[in-house]
Amino acid sequence: KNSLESVSSLVKLQRGASKDDNVRSALDEVSQRLRTVSLVHEELNITSKADEVELSRYLERLAGLLRANAAGNVRIDVAAEELNIDSRRATAVGMIVSEFVSNSLKHAFPDDRSGAIRISLSRLSDGRAQLLCEDDGIGAPPVQPGVRRGLGLRIMEASVSQIGGASDAGAGGEGFGFRVVFPLGA
């Protein structure tokens, strides 16, 4: 955790030294990713189990951090069952949620549009879990074959792979959703 705090401090110093808005924005995103990982370490210190994170509490705390970056016109709601998983996979779940929320805040609610981002986590009857991230924003264009995806979506997909899960994404009538199903066992 101390190493993460050191890196985070360096990122903040670099952000403060930059006058370029694009660089500052990119460093803000790096800082958010570092906070997501750091939060898992904090959760490990809270729990009595050496390497387990209770996901509902972790996701609530993560949502609290993300709410601090959200405009007042966008709600972030979490509905999560109590599920314990190892810290490596909890970090991956946290990255999925953090990237989804960051992307939604950046793209789904232009012109001070009001809306909500919903994060839900539930246990499925077959021993897997389902993570559902949705917003009711303006939606997203279909992903074109051969077109490079944004960094946030690539991080989400890599995180899904890290937890041995499967995902699907899409825009509905209004909004965008990202669903992940992953095994609960290590």
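Contact check for Leu105 versus Ile117: side-chain heavy atoms found under the 4.5 Å cut-off. In this structure, Ile85 and Ile163 have side chains that are not in contact, with every pair of non-hydrogen atoms separated by 4.5 Å or more. Looking at heavy atoms from C-beta onward, Leu184 lies in side-chain contact with Leu83 at the 4.5 angstrom threshold. In this structure, Leu131 and Leu55 have side chains that are not in contact, with every pair of non-hydrogen atoms separated by 4.5 Å or more.
Heavy-atom minimum distance, Phe178 versus Leu153: CE1-CD1, 4.0 Å. The two residues Ala92 and Ser159 make their nearest non-hydrogen contact at O-CB, 3.5 Å. Contact detail for Ala70 and Ile76: the closest heavy-atom pair is CB-CD1, 4.2 Å. In terms of heavy atoms, Ala169 sits closest to Phe176 at CB-CZ, 3.7 Å. In this structure, Leu59 and Ala80 approach most closely via the heavy-atom pair CD1-CB, 4.3 Å. Nearest approach of Gly94 to Leu62, heavy atoms of both residues: O-CD2, 3.5 Å.
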Side-chain donor/acceptor pairs under 3.5 Å, residues 106-114, sequence neighbours excluded:
residue: Lys106; atom: NZ; partner: Glu29; partner atom: OE2; Å: 2.4
residue: Arg113; atom: NH2; partner: Asp136; partner atom: O; Å: 3.3
residue: Arg113; atom: NH2; partner: Glu174; partner atom: OE1; Å: 2.7

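Under a hydrophobic clustering in which Ile, Leu, Val, Met, Phe, Trp and Tyr are joined whenever their side-chain heavy atoms come within less than 4.5 Å, directly or via other members, Val101 and Leu132 fall into different clusters.
For Arg89 (side chain) and Gly164 (main-chain N/O), no donor-acceptor pair under 3.5 Å exists by modelled atom type. Panel note: side chain Arg128, backbone Gly165; no donor-acceptor pair is recorded below 3.5 Å. Side-chain N or O atoms of Asp86 include none that pairs as donor or acceptor with a backbone N or O of Glu52 at under 3.5 Å.
Going from atom SG of Cys133 over to atom CZ of Arg118 covers 11.0 Å, rounded to the nearest 0.5 Å. Taking CD of Gln162 as the reference point, atom CD of Glu157 lies at 14.0 Å (rounded to 0.5 Å). Taking CD of Glu82 as the start and CZ of Arg123 as the end, the distance is 9.5 Å to the nearest 0.5 Å. Between Phe100 atom CZ and Asp135 atom CG the span is 4.5 Å, to the nearest 0.5 Å. Remark: Ile96 CD1 to Thr91 OG1 distance equals 11.0 Å, nearest 0.5 Å. Going from atom CE of Met156 over to atom CG of Leu151 covers 11.5 Å, rounded to the nearest 0.5 Å.
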Check your understanding: Between Asn84 and Val53, is a side-chain contact (heavy atoms from CB on, under 4.5 Å) present by the stated rule, with each step listed?
Key -> CA-CA 5 Å; Asn84 293 316; Val53 173; over 6 Å; no
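Arg179 is linked by a salt bridge (charged side-chain N to carboxylate O under 4.0 Å, His left out) to Asp168, counting only residues two or more places apart in sequence or in another chain.
Hydrophobic cluster membership of Leu124, counting Ile, Leu, Val, Met, Phe, Trp and Tyr whose side-chain heavy atoms lie under 4.5 Å apart directly or via other members: Val181.
When only modelled atom types and interatomic distance are considered, Ser56 and Glu54 share a side-chain donor-acceptor pair under 3.5 Å.
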